[in-house]
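Just so it is clear: chains get the letters A, B, ... in the order the sequence lines come, proteins before strands, and each one is counted from 1.
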Protein chains: 2
Amino acid sequence: MTPTSSSGIAFLIDDDAAVLDALSWLLRSRGIPSKNWNSAEAFLSDYSPQMQGCLIVDIRMQDMTGFELFDRLRTLGCPMPVIFLTGHGEVSKAVQVLKQGAFDFIEKPFNDNELADRVLEALAWDKSRRARGQQSHAIHDRLRSLTSREKEVLSHIIKGQMNKIIADELNIAMRTVEVHRSHVFEKMGVKSAVELATLLAENGISMSY
Amino acid sequence: MTPTSSSGIAFLIDDDAAVLDALSWLLRSRGIPSKNWNSAEAFLSDYSPQMQGCLIVDIRMQDMTGFELFDRLRTLGCPMPVIFLTGHGEVSKAVQVLKQGAFDFIEKPFNDNELADRVLEALAWDKSRRARGQQSHAIHDRLRSLTSREKEVLSHIIKGQMNKIIADELNIAMRTVEVHRSHVFEKMGVKSAVELATLLAENGISMSY
DNA sequence: GGCAATACTGTGGATAACCGCAGCCCCTGA
DNA sequence: TCAGGGGCTGCGGTTATCCACAGTATTGCC
């Protein structure tokens with residue numbers, strides 16, 4: 001099992017110790033591991049891109065609103081799903097934040113079962129995100145292993161151009177293109193141009209050189 | 001200009017004639033064409049998949065709630081973006097409906113500029129959706145023009161298999177595969193297997209035969 | 001029965017892809 | 001200075017692809 005195959009942790013962020021206790025107790029009773037922070041700043045200073053799981057964030061905190069924390073984390077590139085907890089029904093804020101990519105927005109007092117279900121959904125979402133990311137990361141690693149000339153040839157290959165044409169456009173011999181081409185296939189772990197094109201297209205990668 | 005290149009219409013659905021008037025006046029002042037319905041049922045009976053634009057639906061109506069209308073339309077396959085208007089802040093409903101794919105959820109009284117902006121966003125979203133759909137539709141039309149044997153060969157081509165292998169697996173002569181292959185290219189409007197693979201992958205089409 | 005569509009096959013030749021072997025040039029770092 | 005990596009190239013041979021020409025067979029429809 002690689003590290004990214006774990007189900008992740010629920011990161012609880014609230015400046016109300018009673019809420020943190022109640023939440024962590026609830027989650028533990030469902031077998032969901034969690035960790036607590038009593039302020040947004042505290043979490044931010046501990047934040048690491050290695051973290052896996054989801055965030056459960058109170059909207060109303062002393063040092064920073066949950067929205068601000070959300071913005072800061074997104075700026076840092078944190079992709080984890082965020083569930084907001086709110087005590088007072090601000091519809092426009094809820095709508096805004098959901099449209100910005102929050103995972104959920106739950107009013108207090110919340111139903112225990114419902115909250116636990118949402119957390120499980122968020123953890124599952126994050127897990128599948130990591131799986132997708134791992135695939136995509138592996139491809140980018142392979143792309144980075146290509147020399148610049150190889151990338152250039154690659155970009156022509158996936159346009160479906162023949163070796164002769166590529167050679168003309170790059171002003172090199174066909175034999176050279178053949179060599180680069182076979183290196184590209186080897187480094188990218190594919191056996192044909194079709195596989196290569198599919199691999200890149202499925203991962204939304206377009207090589208514009 | 002094809003029909004689908006128009007910007008679409010705002011379909012207003014509210015059983016309060018005063019609101020309909022105000023909305024249609026507002027939108028007309030911004031150059032946004034709109035049409036009115038005074039009940040959900042009335043709109044449903046007029047609904048046609050040909051409609052282009054977005055819906056602006058009051059949550060609270062006599063015959064049916066906006067949510068019900070939303071569900072009914074989605075069941076009918078209506079893909080248009082829906083903006084809900086609500087007079088009373090139900091956060092949980094807003095969250096639920098947004099997660100189900102509503103475009104926006106706006107509280108009354110609303111800011112005129114904001115609403116007009118949202119409508120324009122929704123219309124733009126629908127326009128780009130139609131563009132994507134048209135591309136995808138064209139591809140499916142071409143796929144449908146293939147005979148079943150050709151589709152079978154296609155599925156092997158996009159796996160990157162050589163004609164010889166395909167011939168073996170289908171128990172036919174290589175020459176026959178070559179013929180099917182060239183028919184597939186011609187009907188799909190591509191000149192190479194790479195183009196074909198990219199075309200299908202970019203549109204999320206996987207041929208499993 | 002004739003006609004069209006579909007599927008299938010063979011022959012032979014042109015073109016393209018693939019590959020090992022061999023070698024050249026340039027740059028960089030030990 | 002020498003080794004290694006990257007880029008470039010030619011030769012010769014095998015395998016694949018693409019295609020024109022030429023058929024056979026089956027099915028379904030008017």
Side-chain angles (χ1 to χ4, degrees), chain A residues 138-202 205-209, chain B residues 138-202 205-209:
Chain A
I139 295 175
H140 279 93
D141 275 351
R142 295 187 156 178
L143 281 176
R144 270 190 296 279
S145 79
L146 299 178
T147 68
S148 64
R149 202 53 155 170
E150 284 164 356
K151 281 186 214 160
E152 210 166 355
V153 171
L154 165 58
S155 74
H156 287 86
I157 292 175
I158 62 180
K159 285 193 286 184
Q161 291 182 318
M162 289 184 306
N163 290 347
K164 184 171 52 174
I165 307 296
I166 301 174
D168 283 351
E169 292 195 4
L170 299 183
N171 278 309
I172 55 180
M174 238 185 73
R175 184 68 185 92
T176 310
V177 175
E178 290 173 10
V179 172
H180 287 317
R181 187 183 176 109
S182 94
H183 287 163
V184 168
F185 286 176
E186 190 183 358
K187 287 183 178 178
M188 296 302 294
V190 298
K191 291 188 300 296
S192 69
V194 169
E195 282 179 54
L196 185 60
T198 304
L199 187 70
L200 296 182
E202 279 180 349
I205 300 169
S206 63
M207 309 289 302
S208 39
Y209 263 82
Chain B
I139 295 175
H140 279 92
D141 274 352
R142 294 186 158 179
L143 281 176
R144 270 192 294 279
S145 80
L146 299 178
T147 68
S148 63
R149 202 53 158 169
E150 285 163 354
K151 283 186 212 160
E152 210 165 355
V153 171
L154 165 58
S155 73
H156 287 85
I157 292 175
I158 61 179
K159 285 194 286 184
Q161 292 182 318
M162 291 183 305
N163 290 346
K164 184 170 54 174
I165 307 295
I166 301 174
D168 282 353
E169 292 195 6
L170 298 183
N171 279 309
I172 55 180
M174 234 184 76
R175 184 69 187 91
T176 310
V177 175
E178 290 175 18
V179 172
H180 287 317
R181 186 183 177 107
S182 96
H183 287 164
V184 168
F185 287 175
E186 190 183 359
K187 287 183 178 178
M188 296 301 295
V190 297
K191 289 187 301 296
S192 70
V194 169
E195 281 179 54
L196 184 60
T198 303
L199 187 71
L200 296 181
E202 277 180 351
I205 300 168
S206 63
M207 310 289 302
S208 40
Y209 260 82

Practice problem: Send over the distance from A:L146 CG to D:dG7 C1', rounded to a whole Å. | Solution: 15 Å
Quiz item: Within the pair B:K164 and D:dT15, is there a side-chain N or O less than 4.0 Å away from OP1 or OP2?
Solution: no
Quiz item: Should A:R181 be listed as having a side-chain N or O under 4.0 Å from OP1 or OP2 of C:dC18?
Solution: yes
Practice problem: Specify the separation, in whole Å, of atom NZ of B:K187 and atom P of C:dA5. | Solution: 11 Å
Exercise. State whether the distance check finds a donor on one side and an acceptor on the other, under 3.5 Å, for side chain A:R149 versus base D:dG7.
Key: no
Practice problem: Compare side-chain N and O positions of A:T147 against OP1 and OP2 of D:dG7 and report whether any pair is under 4.0 Å apart. | Solution: yes
Self-check item: Closest heavy-atom pair and its distance - B:H180, B:V153
Solution: CB-CG2, 3.8 Å
Exercise. Could you check how far CD of B:Q161 sits from P of D:dT15, rounded to whole Å?
Key: 20 Å
Quiz item: Checking all strands, does A:T176 fall into the base, sugar-phosphate, or nothing category for heavy-atom contacts under 4.0 angstrom?
Solution: base
Quiz item: What integer distance in Å separates B:E195:CD from D:dC18:P?
Solution: 12 Å
Quiz item: Would you say C:dC19 has OP1 or OP2 under 4.0 Å from some side-chain N or O of A:S182?
Solution: no
Quiz item: 5'-most contact on DNA chain D: B:R175 or A:A173, nearest heavy atom basis?
Solution: A:A173
Self-check item: Value in whole Å for how far the P atom of C:dT9 lies from CG of B:L170
Solution: 10 Å
Self-check item: Nearest-Å distance for atom pair NE2/P, residues B:H183 and D:dC18
Solution: 13 Å
Quiz item: Counting side-chain heavy atoms from C-beta on, which of C:dC18, D:dT9, D:dT17 comes nearest to A:E178?
Solution: C:dC18
Quiz prompt | Reported NZ-to-OG distance for the pair B:K159 and B:S206, which is rounded to 0.5 angstrom | solution = 11.5 Å
Quiz item: Can you find a side chain N or O atom of A:H180 that sits less than 4.0 Å from OP1 or OP2 on D:dC8?
Solution: yes
Exercise. Could you tell me whether B:E178 and B:R181 make a salt bridge, using a distance below 4.0 angstrom between a side-chain N and a carboxylate O?
Key: no
Exercise. Would you mind reading off the distance between B:L196 atom CG and D:dT17 atom P, rounded to a whole angstrom?
Key: 14 Å
Practice problem: For residues A:I158 and A:M207, report the shortest heavy-atom separation together with the two atoms involved. | Solution: CD1-CG, 3.7 Å
Quiz item: Has A:N163 got a side-chain N or O lying under 4.0 Å from the OP1 or OP2 atom of C:dA16?
Solution: no
Quiz item: Want to settle it: does B:N171 or B:S145 sit nearer the 5' end of DNA chain C, counting the closest nucleotide to each?
Solution: B:S145
Quiz item: Separation of A:E186 atom CD from D:dG5 atom P, in whole Å?
Solution: 14 Å
Exercise. For the residue pair B:I172 and B:R149, establish whether any side-chain heavy-atom pair is separated by less than 4.5 Å.
Key: yes
